[in-house]
Amino acid sequence: MSHTKHPEGTAAPSAEGRAPAYPFREMEQRARALWRDERLFEIDDPMKADRRFYCLNMFPYPSGDLHVGHGRNYILGDVVTRLKTMQGYHVLTPMGWDAFGLPAENAAIANNIHPAIWTRRNIARMKEQLISWGLAYDWRREIASCDPSYYRWTQWIFLQLYEKGLAYRAKSAVNWCPKDQTVLANEQVVDGRCDRCGSEVTTRELEQWFFKITAYAEPLLQDLETLTHWPERVRVMQHNWIGRSEGASIRFALRGAGEPIEVFTTRPDTLYGATFLVLAAEHPRVRELERSGSLPPAATEFVARIRQHRIENRFAVENEKEGYPTGVEALHPLTGAPLPVWVANYVLMEYGTGAIMAVPGHDQRDFEFAKKYGLNIVEVIRPESGQGYDGTAAWEGDGRLVNSGPVDGKTSAEGKRAVIADLEKRKAGEARVQYRLRDWLISRQRYWGAPIPIVRCPSCGIQPVPESELPVLLPDQVEFSPTGESPLLTNQAFLKATCPKCGGPATRETDTMDTFVDSSWYFLRFLNPHLDTAPFLKDAVDRWLPVDQYIGGVEHAILHLLYSRFIVKVLRDMGYLSFSEPFARLFTQGMITKDGHKMSKSKGNVVAPDALIERFGTDTVRLYTLFIGPPAKDAEWNDRGVEGAYRYLTRYWKMIEDFHQAAGSRTAASSAQPDTAWAASGPRRDLRRRTHEIAARLLDDMDRLHLNTAVSGLMQLVNGVQEYQAAGGDLKAPEVEEAVDLATRLLAPLAPHTAEGAWNKLGREGSVFRSGWPKVSEAALKHDLARYVVSVNGKVRSNIEVPAEAGQEVIRERALADGNVRKHTEGKTIQQVIIVPGRLVNVVAR
RNA sequence: GCGAGAGUGGCGGAACUGGCAGACGCGCGGGACUUAGGAUCCCGUGAGGAAACUCGUGGGGGUUCGACUCCCCCCUCUCGCACCA
């Protein structure tokens, strides 16, 4: 935070030397000791607890210091945990560490410190910070993905997928980060750059391990529909990422010899308009032609140039369409017409088959290409009304088929079916669904990750390590400097293995797993985190999962959440668990910005929580963090705002002390007041109504996680008592006790230490978190008089009060009799009087 | 280009299914208490106007007794995907 200068250069008076305006330090210590002794947030036997609630924050990567933006994430989860606890649930609230990953290894290279030590140090530091936020975690369940007792089971999961053919090794063009010297998953490439270091991503042809997530494309897409408590945004992102398109696979025979060329199209209805084919530069057929020397020189030069360009920058976008004829001719599967085959830069090898049929009349890209190279353009779709293809642009919409022989006159939809049927009859194609989703590349040529449990035997080939030999331990001693090959290659003892099949000498796989594998199953581990016979117990996970509330950043909207969904479905299909989705409710909180930017060390705008907590107390920082704005939205941090939260807690505490002084301690719950104790009218009655009105809104806000308005409601509760007191109200009144009681219990999830301290001060037994969740009294909300806003022609002119049970006729008369209303209706005819019960009267006068 | 979200005082933001726009807080102005105030408390605070009142939720239309809220068009910003056939 910023420090303002003082004339004498002394420290801010409230920082040191002066006692805090309310005793937050003692309360923090006392409350934490109480929660620990009472084991308030621990689950002993997961198989026994009833009324279960699994509240989970995404486990963090231990990168070092946390800032207030991270805090928002955990505080939110903590509020849910404490709220649910007060509502009588047994809440599973674990925390762990996503502890493998590149930064640890980079630190090792830069500072000559072992990744394990660096990681352990950061975990200790971050745990300290989490504790300083007063977060209620069951630390007995703490896990770290870099522990052998954990990654043993990550390796086990790999073996399960391997056995089912869902983990495979393949040579393919992969994303390569030249700086980190490792491959990247498609998901880790952002705008053609490495999402960790920002280097331009290049291409390499390498043998890599993949998980066959594409085998689950359809269920992953379908089940998005069931995730009704996920943010729409995240569901849409996953939907687009999976990218399902329906269309047809069509095979074009070649004139002369050679296998047919297969294309994918979403518009089989335009097949009669296909006038040429286009191949990607990397298409195998292009290579064959190149090798046999039959590719024309211009095309050969072009293909080499494009390939080189894409190796240097895999995600380079060639803006200008460019292509050359390959000299090959294909035959239209329905008409037999000859179609030239081109190679061009606008067709991607990664999608579909790497080949397209070009329909320049109805695809703008094909149109531009055809125009440039003088290729044939045929109109085959004409919209029902108006102009379709006009020679200046492709008509990409639907319509009626024309110039399409036997299918002329059909609609696009009918045409699709008819063309596909015709293709099937001729065995030249069929309906097909294509996904954008690629298989998940999980191997990394890096040290700090779970070793892939595989050995290579000269005689038996690739062999999985038997389950009984897990974990394959990560050796301590390796050479870290990046070479493009795994550092594990530098440890001979690790490399040497025995073939599990023939017992002969073999070598170990030296790649490690993507850390997203570690995090794709950790939520299953928390039920029995120390189990050493299995990764988890089916009974326990079936009982507690899906996670009731999952909380984290939207940056994981695709990667982590998609992978976790995939792994759960795989494990379900293998019978290891019985649910289909890991996370029932997802909450993605917004970022906290400073000076309009995301907090980062490089920008120097990081707000550290430690000094603020030291100066104002944990609860002040928690309250301000919640008050800053709607939790789902980004918000700008303002140090002055923290002081506002502090002032509120100070006023709250003063209220507690004033009440305590006036009324003394009572162990009985205030709600146990007999009905006759409540004042029937006057300031006490008003206070009680106001208290319950605010509380009713607050309860609703809390349920919906509208925590910024919940904080404002808490402030209003205190304001209510304060105003009552200022007006000379009696502090010993039961209405005050009730207000104080509600203000404390409703405060508890948000500012737990202060509420716990107040609970104690008021002389109540045990923890406030065992006091139950308040309810609003309907009787307290009742009004004797109903206030109506009276407007004339929609403009507010007056207020009237009528007996609550007054009928419409009475309200109408009273409204029309009002002086100001008469003034505005004078000389006009009353056309209509609209009465909204309990709210307003609108007089329509013309 | 496609998709999603957003636009309200000086600032962060309220206003659940259309019904008193600006809750709550920050900041600011004034006052009290003070050797002092950057502590605390009180009053005020959308704009214009002496007032009555008028105008105000990105812009323009519309529906309605009544629109921040619903419909149509447009502008701006943020995020995601992007030559995906």
Side-chain angles (χ1 to χ4, degrees), chain A residues 4 6-7 12-14 18 21 190-191 231-241 243 245 247 263-267 270 278 280 315 317-319 321 344-348 350-359 363-366 368-369 434-436 554-555 557-558 591 623-624 627-630 632-645 647-648 650-651 654 694 697 700-701 704 706 708-716 719 722 726 787-799 820 823-824 831-836 838-846:
Chain A
T4 29
H6 299 279
S14 47
R18 186 180 286 205
V190 178
D191 294 333
E232 170 78 7
R233 182 159 72 127
V234 174
R235 277 157 54 196
V236 167
M237 279 164 75
Q238 293 216 354
H239 189 273
N240 293 343
W241 191 262
S245 342
V263 307
F264 172 73
T265 178
T266 53
R267 294 294 303 268
T270 65
V278 189
F315 290 84
V317 173
E318 292 91 8
N319 293 322
K321 288 182 178 51
N345 62 358
Y346 77 99
V347 174
L348 307 173
E350 292 81 28
Y351 186 75
T353 62
I356 62 158
M357 67 175 206
V359 185
D363 182 287
Q364 188 60 21
R365 296 157 303 181
D366 297 341
E368 286 165 18
F369 192 77
Q434 178 70 39
Y435 299 92
R436 205 192 74 107
V554 76
E555 67 272 17
I558 297 172
M591 220 173 26
L623 270 185
Y624 176 63
F627 189 49
I628 191 167
K633 288 213 260 172
D634 290 353
E636 168 76 13
W637 186 269
N638 174 6
D639 280 339
R640 305 302 292 267
V642 180
E643 293 172 34
R647 279 200 276 271
Y648 157 68
T650 306
R651 286 191 294 120
K654 186 174 175 297
I694 297 166
R697 264 188 287 120
D700 192 45
D701 283 345
R704 296 191 297 162
H706 289 191
N708 54 327
T709 50
V711 175
S712 112
L714 290 166
M715 290 170 170
Q716 290 176 62
N719 290 351
Q722 210 169 47
R787 262 189 79 230
Y788 281 84
V789 169
V790 186
S791 54
V792 179
N793 295 331
K795 288 199 196 308
V796 177
R797 298 301 177 186
S798 189
N799 283 289
N820 215 27
K823 185 179 144 197
H824 284 275
Q831 294 186 331
Q832 204 182 348
V833 177
I834 289 149
I835 298 171
V836 182
R839 282 186 177 273
L840 69 79
V841 181
N842 188 27
V843 180
V844 185
R846 292 288 127 111

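Because the structure is predicted, anything quoted here is derived from the model rather than measured. Letters go in sequence order (proteins before strands), and every chain restarts at 1. Below, all heavy atoms of this structure are taken into account, side chains as well, without hydrogens, waters or symmetry copies.
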task = For A:K795 and B:G56, give me the distance from atom NZ to atom C1', rounded to whole Å.
result = 11 Å
message = Syn if the chi torsion is within 90° of 0, anti otherwise; quick check, which is B:G9?
response = syn
ask   = Base, sugar-phosphate, or nothing: which does A:R839 touch, judged by heavy atoms less than 4.0 Å apart?
value = base
query = Nearest of B:C53, B:G27, B:G19 to any side-chain atom of A:R647?
reply = B:G27
remark   = Taking B:C84, B:G19, B:G27 as options, the one with an atom nearest any side-chain atom of A:L348 is B:C84
message = So A:V844, base contact, sugar-phosphate only, or nothing? Heavy-atom distance under 4.0 Å.
response = sugar-phosphate
inquiry  = Mind checking if A:D700 touches a base, just sugar-phosphate, or nothing, with heavy atoms under 4.0 Å?
reply    = nothing
inquiry  = Using the side-chain heavy atoms of A:V236, tell me which of these nucleotides is nearest: B:G3, B:C65, B:G27.
reply    = B:G3
query = Could you state the CD1-P distance from A:I628 to B:G12, rounded to the nearest angstrom?
reply = 11 Å
request  = Quick one: pull up CG in A:L840 and OH in A:Y788 and give me the separation to the nearest 0.5 Å.
outcome  = 9.0 Å
message = Pick the closest RNA chain B nucleotide for A:T650 and for A:E232 by heavy atoms, then say which residue is nearer the 5' end.
response = A:E232
request  = Please determine if a side-chain N or O atom of A:H239 lies less than 4.0 Å away from the OP1 or OP2 oxygen of B:G80.
outcome  = no
message = Taking the side chain as everything from C-beta on, heavy atoms only, tell me whether A:N820 gets closer than 4.5 Å to A:R797.
response = yes
message = Just to be sure I understand the rule, does A:K654 reach a base, reach only the sugar-phosphate, or reach nothing, if contact means heavy atoms closer than 4.0 Å?
response = nothing
inquiry  = Just the rounded figure in Å: distance from P of B:C24 to CG of A:N638.
reply    = 19 Å
ask   = Under 4.0 Å between a side-chain N/O of A:N820 and OP1 or OP2 of B:A52, yes or no?
value = no
ask   = A:I558 CD1 to B:C79 C1': how many Å, rounded?
value = 11 Å
key: Euclidean distance for C1', B:G9 against B:G27 (whole angstrom)   = 12 Å
request  = Kindly point out which of B:G12, B:A14, B:G19 is positioned nearest to the side chain of A:F627?
outcome  = B:G12
query = Base, sugar-phosphate, or nothing for A:G644, non-hydrogen atoms under 4.0 angstrom?
reply = sugar-phosphate
ask   = Which part of the nucleic acid, if any, lies within contact of A:V554, taking any heavy atom under 4.0 Å across all strands shown: a base, the sugar-phosphate backbone alone, or nothing?
value = nothing
request  = Between B:A51 and B:U34, how far apart are the P atoms? Round to whole Å, please.
outcome  = 35 Å
query = Checking all strands, does A:R697 fall into the base, sugar-phosphate, or nothing category for heavy-atom contacts under 4.0 angstrom?
reply = nothing
task = Check every strand shown and say whether A:N719 touches a base, only sugar-phosphate, or nothing at a heavy-atom separation below 4.0 Å.
result = sugar-phosphate
key: Salt bridge present between A:R697 and A:D701 (N-O < 4.0 angstrom)   = no
Atom P, compared across B:C70 and B:U57: separation rounded to whole Å = 15 Å
message = Give me the distance, rounded to whole Å, that separates B:A47 from B:U40 when you measure between the C1' atoms they each carry.
response = 33 Å
Gap separating the NE2 atom of A:H824 from the CG atom of A:N793, nearest 0.5 angstrom = 10.5 Å
ask   = Starting at CE of A:M591 and ending at C1' of B:G12, how long is that distance when rounded to a whole Å?
value = 16 Å
note = note: A:M715, atom CE; B:G12, atom C1'; distance rounded to Å ~ 12 Å
query = If you measure from CG on A:D363 to CZ on A:R365, what distance do you get to the nearest 0.5 Å?
reply = 4.0 Å
query = Considering only B:C20, B:G80, B:G25, which nucleotide approaches the side chain of A:V789 most closely?
reply = B:C20
inquiry  = If we count only N and O atoms by modelled type, under 3.5 Å, do the side chains of A:N719 and A:R651 hold a donor and an acceptor together?
reply    = yes
key: Rounded distance in Å between the C1' positions of B:C68 and B:G56   = 11 Å
message = Roughly how many Å apart are B:A23 and B:G12, using the P atom of each and rounding to a whole number?
response = 15 Å
inquiry  = Closest approach to the side chain of A:Q716, judged atom by atom: which nucleotide of B:C24, B:A39, B:G13 is it?
reply    = B:C24
message = Can a side-chain donor-acceptor contact be found between A:Y624 and A:N638 if the only test is distance below 3.5 angstrom?
response = no
message = In this structure, how many angstroms lie between the P atom of B:G18 and the CD1 atom of A:I835, rounded?
response = 20 Å
Short side-chain N/O contact from A:S245 to OP1 or OP2 of B:A85, under 4.0 Å = yes
key: Pairwise C1' distance, B:G22 and B:U8 [rounded to whole Å]   = 8 Å
Given B:C24, B:G27, B:C20, the nucleotide with the shortest approach to the side chain of A:S712 = B:C24
task = With P as the reference atom in both, quote the distance from B:C11 to B:C53 in angstrom, rounded to an integer.
result = 29 Å
inquiry  = Under 4.0 Å, heavy atoms only, any strand: does A:V796 hit a base, just the sugar-phosphate, or nothing?
reply    = sugar-phosphate
request  = Taking the side chain as every heavy atom from C-beta outward, state whether A:T270 and A:M357 have any pair of such atoms under 4.5 Å apart.
outcome  = yes
task = Please figure out whether A:R797 or A:N708 has its closest RNA chain B nucleotide nearer the 5' end.
result = A:N708
task = Compare all side-chain heavy atoms of A:V236 with those of A:V234 and state whether any distance is below 4.5 angstrom.
result = no
ask   = Given atom CZ of A:R233 and atom C1' of B:C81, what is their separation to the nearest angstrom?
value = 14 Å
request  = Go through B:A85, B:C42, B:G19 for me and flag the one nearest to the A:Q722 side chain.
outcome  = B:C42
ask   = Counting side-chain heavy atoms from CB outward, which of B:A85, B:A23, B:A6 is closest to A:K633?
value = B:A6
inquiry  = As a check on the pairing definition, encode RNA chain B in dot-bracket form, counting Watson-Crick and G-U wobble pairs whose two distances are under 3.5 Å, and using | for partners outside this strand.
reply    = (((((((..(((......[....)))((((((.......))))))(((....)))..(((((..]....))))))))))))....
ask   = Donor-acceptor pair under 3.5 Å: do we get one between A:N240's side chain and the base of B:C81?
value = no
message = Under 4.0 Å, heavy atoms only, any strand: does A:D363 hit a base, just the sugar-phosphate, or nothing?
response = nothing
ask   = Without hydrogens or angle criteria, can the side chains of A:Y351 and A:S245 be said to hold a donor-acceptor pair below 3.5 Å?
value = yes
inquiry  = Can you confirm if the NZ or CZ of A:K321 lies within 45° of the ring axis of A:Y346 and under 6.0 Å from the centre of its six-membered ring?
reply    = yes
ask   = When all nucleic acid strands are considered with a 4.0 Å heavy-atom cut-off, which category describes A:R787: base, sugar-phosphate, or nothing?
value = base
